[in-house]
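Shown next, in structure tokens, is the structure this report addresses.
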Amino acid sequence: LLAEIRRARGAGRSVILGLGAHVIKVGLNPVIIRLLREGWLTALALNGAGVIHDFEVAFSGQTSEGVAARLGTGEFGMARETGELLNKAVRSGARRGAGLGQSVGRLIARSRFPHKDLSLTAAAFSLGVPATVHVAIGTDTIHFHPGASGAALGQTSLRDFFLFSDVVAGLEGGGVYLNVGSAVILPEVFLKAIAFCSA
């Protein structure tokens, strides 16, 4: 794998990391940020839960919520700041014509969050590396907050799909796509991006 990544980067081809939320939840952001800074990764793709965990790491230095313990009390997914600020970033991004990943990265990079140096989307935004977020409406806790806008979520995530398709096109001729920790959303998005690029 390392040899393939080295060969791809030497040939100027894309190396894209698609990742699910647990990669972030277990604390691997510093490793991924280093790979971004050193030029080993040319793009990131996250699912909706990934951007939630990335935000929470930047905001509070950790991200963990016991689903089983909090679901029964009606508290699961009710972190006010997560829902309010992420939905605000999504709505703002939709107004600016930006994608979801860029919108959240911009919010975090320009914030005073105490741990923003641990954010993948902020690092990508600062480095000018594409970071896309692919949501399925109803799969993420921020979707049931009052500030959620289906139109804004759909618009920004669709913009990210087309951006992702552009970076997937850069795989031709020897690029590398890594999918780590997303069993459903990102494999499907990757398949559709390949189909779109081939059309």
Side-chain angles (χ1 to χ4, degrees), residues 1-58 63 93 98-109 116-136 139-140 153 156-199:
L1 176 62
L2 292 174
E4 287 298 312
I5 292 172
R6 187 183 301 267
R7 184 191 52 71
R9 293 306 299 130
R13 308 318 301 159
S14 296
V15 177
I16 306 166
L17 175 61
L19 62 146
H22 278 82
V23 176
I24 297 167
K25 195 170 182 177
V26 299
L28 292 177
N29 280 19
V31 175
I32 298 167
I33 291 169
R34 182 174 175 187
L35 293 171
L36 287 169
R37 287 192 177 131
E38 293 182 3
W40 292 106
L41 298 174
T42 61
L44 295 177
L46 289 78
N47 60 15
V51 82
I52 291 170
H53 287 296
D54 188 60
F55 169 85
E56 291 179 343
V57 165
T63 177
L100 204 156
Q102 182 188 61
S103 300
V104 173
R106 181 178 194 257
L107 166 80
I108 296 171
K116 69 181 184 179
D117 59 317
L118 295 174
S119 165
L120 298 179
T121 57
F125 177 82
S126 299
L127 294 167
V129 174
T132 59
V133 179
H134 307 275
V135 300
T139 59
D140 302 315
L153 285 162
T156 55
S157 193
L158 182 62
R159 183 171 292 277
D160 274 359
F161 170 72
F162 291 121
L163 174 59
F164 181 69
S165 295
D166 284 345
V167 297
V168 164
L171 294 172
E172 189 167 348
V176 175
Y177 176 72
L178 304 164
N179 179 69
V180 183
S182 177
V184 178
I185 297 291
L186 292 180
E188 286 297 325
V189 171
F190 181 72
L191 176 65
K192 302 319 183 284
I194 292 287
F196 179 70
C197 291
S198 303

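When reading the values below, keep in mind they use all heavy atoms of this one structure, side chains included, and skip hydrogens, waters and symmetry mates.
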Report summary line: Here the salt bridge (charged side-chain N to carboxylate O under 4.0 Å, His left out) pairs for residues 157-172, sequence neighbours left out, are none

Query raised in the report: To the nearest 0.5 Å, what is the distance between OG1 (Thr156) and NE2 (His134)?
Result: 11.0 Å

Report task. Evaluate side chain to side chain contact (heavy atoms under 4.5 Å, CB included) for Phe162 paired with Leu158, printing each intermediate quantity in order. Result -> CA-CA 7 Å; Phe162 291 121; Leu158 182 62; 3.7 Å; yes

Query raised in the report: Taking Lys116 for the side chain and Ala109 for the main chain, is one N or O donor matched with an acceptor at less than 3.5 Å?
Result: yes

**Report entry** Candidate pair Ile108 and Phe125, rule side chain to side chain contact (heavy atoms under 4.5 Å, CB included), full reasoning
**Finding:** CA-CA 9 Å; Ile108 296 171; Phe125 177 82; over 6 Å; no

Report task. To the nearest 0.5 angstrom, please state how far the CD atom of Gln102 sits from the OG1 atom of Thr121. Result -> 11.0 Å

Query - Sequence neighbours excluded - salt bridge (charged side-chain N to carboxylate O under 4.0 Å, His left out) pairs with any residue from residues 2-22 - result: Glu4-Arg7

Query - Minimal non-hydrogen separation, Gly50 against Asn47, with atom names - result: N-OD1, 2.8 Å

Determine all donor-acceptor pairs shorter than 3.5 Å in which one atom belongs to a side chain in residues 29-41; sequence neighbours excluded.
from	atom 1	to	atom 2	distance (Å)
Asn29	ND2	Asp54	OD1	3.2
Asn29	ND2	Leu118	O	2.7
Arg34	NE	Glu38	OE2	2.8

For residues 190-198, please give each side-chain donor-acceptor pair under 3.5 Å, one per line with the distance, not counting sequence neighbours.
from	atom 1	to	atom 2	distance (Å)
Lys192	NZ	Glu188	OE1	2.4
Ser198	OG	Ile194	O	2.8

Requested in this report: Hey, could you give me the CG/CG distance between Leu19 and Leu46, rounded to the nearest 0.5 Å?
Outcome: 4.5 Å

**Report entry** From CA spacing to verdict: side chain to side chain contact (heavy atoms under 4.5 Å, CB included), Leu171, Ile16
**Finding:** CA-CA 8 Å; Leu171 294 172; Ile16 306 166; 3.9 Å; yes

Query raised in the report: CG/Leu44 to CZ/Phe164 distance, rounded to the nearest 0.5 angstrom?
Result: 10.5 Å

If you look only at distance, which donor and acceptor atoms sit under 3.5 Å apart when one is on a side chain in residues 173-183 and the other is two or more places apart or in another chain?
from	atom 1	to	atom 2	distance (Å)
Asn179	ND2	Ser182	O	2.8
Ser182	OG	Leu186	N	3.1

Report summary line: Closest non-hydrogen contact found for Ser103 with Gly93 is OG-CA, 3.1 Å

Report summary line: Minimal heavy-atom distance between Val135 and Leu153, with the atoms involved, is CG2-O, 4.3 Å

Requested in this report: Could you tell me whether the side chain of Ser157 and the main chain of Val133 form a donor-acceptor pair under 3.5 Å?
Outcome: yes

Query raised in the report: If you round to the nearest 0.5 Å, how far is CG of Asp140 from NE2 of His53?
Result: 9.0 Å

